[in-house]
Amino acid sequence: SDVCSSDLESEMRKSRRKILVVDHQAADIRRVEEVLTNQYTVFTALSGKDALEIAQQKLPDLILLDIALEDIDGFEVCKQLKDSEATRNIPIIFLAEKGTADEDEQGLAAGAIDFLHKPLSPSIIELRVCNHLHLKYQTELLERISLNDEITELFNRRAFDLFLEREVHTAVRRNEEISLLMVEINEFNTYKTYYGRAALEHCMIQIADVLTGSVQRTVDVVAHFNSREKFALILPDTDLVGAECIGNLVIQQVTDLKIPFTDAENGDFVSISIGSITTSANATVTPLKMVKIANESLQYALQDPDGSSHYS
């Protein structure tokens with residue numbers, strides 16, 4: 001159907017969106033499926049219990065939720081979804097018989113974004129679903145722009161600060177070590193002057209790719225710290241040996257890139273320096289202190305003629 005077609009919708013559908021339909025009446029589920037199956041991946045549930053399990057497992061982009069479920073009412077299902085970190089941001093549209101204003105108010109207060117009243121109209125289903133997925137996609141796009149560096153597409157400083165605060169808090173709670181690596185492109189301004197902005201951006205992208213490839217765990221965070229010469233790696237539950245291993249790997253892989261730099265003080269290629277801090281997390285450790293110490297360690301590495309890294 002072309003009811004909801006636009007450049008944004010086309011982009012949104014490049015990754016097929018997932019919808020969970022929850023209703024105690026199989027006939028109503030089939031009615032919704034007939035409308036949405038061609039455009040979206042549709043999961044279904046006849047009970048609140050199944051809905052909660054599927055939502056956690058599949059993480060749908062949108063949930064159509066019947067209020068009058070037989071095991072757990074829709075308001076309670078909605079509350080439990082909003083209480084879970086994994087599902088709290090999934091938009092919910094309530095499915096309901098034509099109800100009262102109080103019921104609509106209760107649903108919106110529980111966290112739903114809209115209502116669809118029965119009997120369900122195919123065109124209204126399609127338009128409401130499309131409109132709310134549009135809004136979700138636009139929100140995701142804005143969040144991605146606000147948290148990612150424009151050139152390298154790594155997390156930016158704002159995202160770095162958020163992640164470091166979260167990971168330090170987690171490390172303190174679990175009494176785990178945490179490492180922070182600061183990575184700097186040597187002679188950044190000289191390279192920019194000699195080769196120009198386009199070459200510099202290409203250089204930054206190549207180094208960003210090396211940094212991204214150097215970490216394997218989903219908890220590790222790679223960020224473009226200042227949108228210029230400095231990058232950062234947050235490595236939860238990583239000791240000094242692990243931090244050194246990753247740092248040395250990054251230095252070697254950047255060396256292997258052999259990015260030409262004929263004006264470099266040491267050699268004919270772009271190089272990097274790394275400073276780090278590894279700490280056994282405790283109540284005195286703060287993100288600000290970690291950044292300060294890692295930057296001091298980086299300065300040691302930059303000033304040391306015999307080495308390109310300093311770990312502490």
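Numbers for residues simply follow the sequence, beginning at 1. Everything numeric in this text was worked out from a predicted model, so none of it was measured.
Taking the ring-ring contact (aromatic ring centres under 6.0 Å, His included) definition, one finds that Phe43 meets it with nothing, sequence neighbours left out. Contacts of Leu108 classified as side-chain contact (heavy atoms from CB on, under 4.5 Å), with partners at least two apart in sequence or in another chain: Phe115. For Glu165, the side-chain contact (heavy atoms from CB on, under 4.5 Å) criterion is met by Pro287, not counting sequence neighbours. For Thr193, there are no side-chain hydrogen bond (donor to acceptor under 3.5 Å, both in side chains) partners two or more places apart in sequence or in a different chain. With sequence neighbours excluded, the residues that form a side-chain contact (heavy atoms from CB on, under 4.5 Å) with Asp114 are Ile93, Arg128, His132. For the salt bridge (Lys or Arg N to Asp or Glu O under 4.0 Å) test, residues two or more places apart in sequence or in another chain that qualify with Asp83 are Lys79. A search for side-chain hydrogen bond (donor to acceptor under 3.5 Å, both in side chains) contacts involving Glu53 returns Lys49, not counting sequence neighbours. In this view, Asp237 and Glu176, Arg217 satisfy the side-chain contact (heavy atoms from CB on, under 4.5 Å) rule, not counting sequence neighbours.
Other residues sharing the hydrophobic cluster of Leu162, ordered by chain and number and joined by side-chain separations under 4.5 Å: Leu147. Counting side-chain heavy-atom gaps under 4.5 Å among Ile, Leu, Val, Met, Phe, Trp and Tyr, Val219 is found in no cluster with other residues.
Pairs of residues two or more places apart, or lying in two chains, that qualify as salt bridge (charged side-chain N to carboxylate O under 4.0 Å, His left out) and include a residue from residues 29-41 are Asp28-Arg31. Annotation: salt bridge (charged side-chain N to carboxylate O under 4.0 Å, His left out) contacts involving residues 191-207, sequence neighbours excluded, comprise Arg197-Glu201.
Across Tyr191, Tyr194, Phe269, a single residue satisfies ring-ring contact (aromatic ring centres under 6.0 Å, His included) together with Phe261, and that is Tyr191. When Lys18, Lys136, Arg16 are each tested for a salt bridge (Lys or Arg N to Asp or Glu O under 4.0 Å) with Asp61, only one passes: Lys136. Just one of Thr278, Thr279, Asp239 meets the side-chain hydrogen bond (donor to acceptor under 3.5 Å, both in side chains) condition when paired with Ser179; it is Thr278.
Put simply, the side chain of Asn295 gets close to the backbone of Val291: a donor and an acceptor are under 3.5 Å apart.
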>> Assess the residue pair Asp66 and Lys118 against the criterion (salt bridge (charged side-chain N to carboxylate O under 4.0 Å, His left out)); give the C-alpha distance rounded to whole Å, side-chain angles, the decisive distance to 0.1 Å, and a yes or no.
In response: CA-CA 10 Å; Asp66 183 19; Lys118 299 178 181 182; 3.6 Å; yes

